Amino acid sequence: MINILWADDEIELLKPHIIFLEQKGYAVTPVVSGTDAIETCQNKHFDVVFLDENMPGLSGLETLLAIKKAQPALPVVMITKSEEENIMEQAIGQQISDYLIKPVNPNQILMSIKKVVHAQEIITEKTTSSYQSEFMKLGMRINETFSAEDWQKVYNDLIFWEMRLEETEGGMDEVLQTQKTEADSQFCKYIRKNYENWLTSGNHPILSPDIFKTKVFPLLDKGEKVFFILIDNLRLDQWRVIQKEISSLFNFDEDGSFFSILPTATQYSRNAIFSGLMPSQIRKMYPNLWVDEEEDEGKNLNEEALIKTQIERFRKHYTFSYNKINTNQAGEKYNENLKSLLNNDLNVVVFNFVDMLSHARTEVKLFRELAPDEAAYRSLVQSWFKHSSIAVLFKILSEQNVKVVLTTDHGSIRVKNAIKVVGDKNTNVNLRYKVGKNLAYDKKEAFAIQKPDAAGLPCPNLSSVYIFADNQSFMAYPNNYNYYVQYYKDTFQHGGISLEEMIIPLITMSPKTI
C-alpha cells in the first residue's frame, strides 16, 4: 500500500480529497503543521508527502528543507496558493518532485501521485509495450536491410531502445541484447559483401577520409570559425549520453553518424580523417608520415602534419591549431588559452580519455567492476564528461560565434568469443584484426582482405593479408590460449567489424546563445 503524508493547516477542509484517495487504495496520514510533518516522517515510512507552502509556524519551504535533509529521496509535492516566482524557484531548488496550485481537486492529487510514485511502473509498462510492438518490425528490418543508410537507421533505433529499456525493470533489455547481436551478425555479412566494392567503385557512404572534405571545409569556406573535436574511441550510444549534458547549450544539425574504415583502429581511421586519404595513399604520398605495424614508433605522432597536407592539397589557406589532450590538467590549460585560439579559422583537438578508459577496463580489475556492461560503460563516460575539462570547453564554445564538429575515429565492442589465429613474430597484437603473411585461421570466422591495396590498406609485404574479427569475436594465439581467452573475454576492443565499431558519431553543433 502507498503511504501518503499530507500536511496542511486546513486539513479538515481536505477530508473529501482524503476519502477519495482512501477509496483508491491509498493510506493517508493528515497533519496540521510543518513540525508535525517532520516528526511524523521520523516515525513512519511514507512514499510521498503533500506539503502546503503557506502554514503558520514552520513554512512549507522550511519544512521541505528539514524533510529533505533527513530523507533526500522522499518525494515531496508542494501545494501553494500562488505562483510567485521566488517561492517556486526555492521549492524547485530544494528538489520538489511536483507542485500544485490551490484550489486542487482530487483528480489532480491522483495524477500527481501517479507521476511521482508510480512513474517507474508506468514507464516500464509503456516502454516494454512499445518495444514489444516494434520488436517484429525491427527484426524484419534487420534481415531486410540492404544499404548503408538503412543500417545507420537500424543502429540508431537499437540504441534508442537499448537506452530506453535500461531505465525499466521489465526484463526486455535481455531481448534487446539478443536482437542487437543478431543485427551485428547481419551487419557483418553486409560489410563482408560490400566493403571492398565501396572502395573500388567509389560509391560508398561517408567514410573516415571524407570528413574534412564534406563537413569541415564547407563551413570554413562560408567564413565560419570551426572547432573540430575528436573524442577517441567514442561509441554512438556514448555520444547520446554526452548529448544530454550539452543539449541546453547547442543546436545539433547532425547527420548522426558515418562509417569508420577498416581496421577500426586509431592508426588507420584517425590518420585517414586527418589526411583525407586512405592509409595506402598516405604511405605512398607521404611515406615519412606513415608508420608501419611492425615499427616501434608511435602510430599517431604525425596528425598535425597530416592535417596540414590535407589543407594544402585542397588549396585552402586556413589557419589552424592542433592539440591532443591526455589529462584533465592539459584540458584546463587548453581552456585557459582558448581566447588566442579563436583567432584561427580551424582548431582541432583530440581527447583521449574514453580510449584510455577502455584500455584501463581491460587491464585493471576495478574498472571492470565499475563498468561490467554497456550501460555501466555509458554511465562512466557520462560521469567523466560531466566533471571534465571538455565539459567546460563546450560551455565556453557555446558562448562564442563558432561551429563545432564533433566526431571520433572508431567505436568498440564487448568481445565474448575467441577464435584461434596463428601468425609469425611480426604479426600485430590487436585482438580484432591481424595483418601479416602466412596467417592461419578459420575462413568462416574472419573476414579477409587478400589485396590490401585495393581496399586502401598498406601492404607491408607482397603476401600480406588483413583479417578482421566480426560480431563479438576476438583473436587469440594457441600458445597460452585459455589464459588469454579468460583475460580478454568481456573487454571492450576495436579494430574489427561491428555496428559499434564502424557506425560512429558525426555531429555539427551551433551555439544556442548566438
Side-chain angles (χ1 to χ4, degrees), residues 181 184-200 204 207-208 233 259-272 278-280 282-283 290-295 299 362 409-481 484-485 487-489 491-503:
T181 299
D184 256 325
S185 179
Q186 295 299 322
F187 176 73
C188 293
K189 292 177 183 177
Y190 170 80
I191 292 298
R192 285 183 182 226
K193 181 179 179 181
N194 293 282
Y195 185 76
E196 291 181 86
N197 185 57
W198 280 359
L199 300 177
T200 55
H204 55 71
L207 297 174
S208 307
N233 200 4
F259 283 76
S260 169
I261 62 167
L262 295 175
T264 48
T266 302
Q267 175 186 3
Y268 297 88
S269 53
R270 199 153 89 202
N271 284 335
M278 291 296 288
S280 62
I282 302 173
R283 191 171 186 252
W290 179 261
V291 181
D292 283 324
E293 289 275 3
E294 65 270 16
E295 297 181 41
K299 306 300 191 291
T362 298
D409 43 9
H410 56 76
S412 62
I413 187 170
R414 185 157 59 120
V415 296
K416 298 181 179 180
N417 311 308
I419 58 178
K420 289 183 179 180
V421 174
V422 178
D424 61 27
K425 63 179 181 180
N426 292 322
T427 304
N428 63 306
V429 298
N430 189 287
L431 301 183
R432 291 281 290 169
Y433 79 95
K434 300 291 182 187
V435 53
K437 54 185 179 179
N438 303 318
L439 295 175
Y441 59 96
D442 186 334
K443 290 179 173 56
K444 294 180 181 178
E445 295 180 328
F447 169 54
I449 292 181
Q450 302 286 350
K451 298 179 179 180
D453 193 59
L457 296 173
C459 193
N461 297 285
L462 290 175
S463 56
S464 291
V465 173
Y466 287 76
I467 62 172
F468 302 91
D470 56 21
N471 209 343
Q472 298 173 330
S473 299
F474 65 100
M475 301 177 188
Y477 294 125
N479 295 341
N480 295 323
Y481 179 79
Y484 285 108
V485 169
Y487 185 82
Y488 288 110
K489 185 178 180 180
T491 63
F492 285 90
Q493 301 293 334
H494 58 84
I497 305 170
S498 67
L499 290 163
E500 292 86 342
E501 291 163 289
M502 289 192 74
I503 301 181

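Note that the coordinates shown come from a computational prediction; the quantities given were computed from them, not determined experimentally.
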Please check if atom OH in Y441 has more than 12 non-hydrogen atoms from other residues, nucleotides or ligands closer than 6.0 Å.
yes
Output the distance between atom [atom1] ([X]) and atom [atom2] ([Y]), rounded to the nearest 0.5 Å.
| X | Y | atom1 | atom2 | value |
| --- | --- | --- | --- | --- |
| F492 | I413 | CZ | CD1 | 9.0 Å |
| D409 | Q267 | CG | CD | 12.0 Å |
| I449 | C459 | CD1 | SG | 11.5 Å |
| E445 | N471 | CD | CG | 12.5 Å |
| H410 | T264 | NE2 | OG1 | 7.0 Å |
| S208 | R270 | OG | CZ | 12.0 Å |

Contacts of type side chain to side chain donor-acceptor pair (under 3.5 Å), residue D442, not counting sequence neighbours:
none
Kindly write out the residues that satisfy side chain to side chain donor-acceptor pair (under 3.5 Å) with Q472, not counting sequence neighbours, or none if the list is empty.
none
Can you check side chain to side chain contact (heavy atoms under 4.5 Å, CB included) on Y466 and L262, steps first, answer last?
CA-CA 10 Å; Y466 287 76; L262 295 175; over 6 Å; no
Considering only heavy atoms from C-beta outward, does the side chain of [X] approach that of [Y] to under 4.5 Å?
| X | Y | value |
| --- | --- | --- |
| L457 | S464 | no |
| N271 | P279 | no |
| S260 | Y268 | no |
| Y488 | T362 | yes |
| L431 | V415 | no |

List for me each residue that meets ring-ring contact (aromatic ring centres under 6.0 Å, His included) alongside F259, sequence neighbours excluded, and say none if there are none.
W198
Donor-acceptor contact below 3.5 Å, side chain [X] vs main chain [Y]:
| X | Y | value |
| --- | --- | --- |
| S269 | I261 | no |
| Y484 | M475 | no |
| H204 | L199 | no |
| S463 | K437 | no |
| D184 | L499 | yes |

Do you know the tightest heavy-atom contact between [X] and [Y]?
| X | Y | value |
| --- | --- | --- |
| T491 | Y487 | CG2-O, 3.8 Å |
| E500 | S412 | CB-O, 3.1 Å |
| A418 | Y481 | CB-OH, 3.5 Å |
| I497 | F447 | CD1-CD2, 3.5 Å |
| F468 | G495 | CD2-O, 3.6 Å |
| G423 | Y477 | N-CE2, 4.0 Å |

Could you walk me through whether F187 and I503 pass the side chain to side chain contact (heavy atoms under 4.5 Å, CB included) test, one step at a time?
CA-CA 11 Å; F187 176 73; I503 301 181; 4.1 Å; yes
Would you please name every residue forming a salt bridge (charged side-chain N to carboxylate O under 4.0 Å, His left out) with R414, sequence neighbours left out?
E374, D490
Sequence neighbours excluded - salt bridge (charged side-chain N to carboxylate O under 4.0 Å, His left out) pairs with any residue from residues 455-475:
R192-D470
All pairs passing side chain to side chain donor-acceptor pair (under 3.5 Å) where residues 419-432 contributes a residue, at least two apart
D424-T427, R432-E501
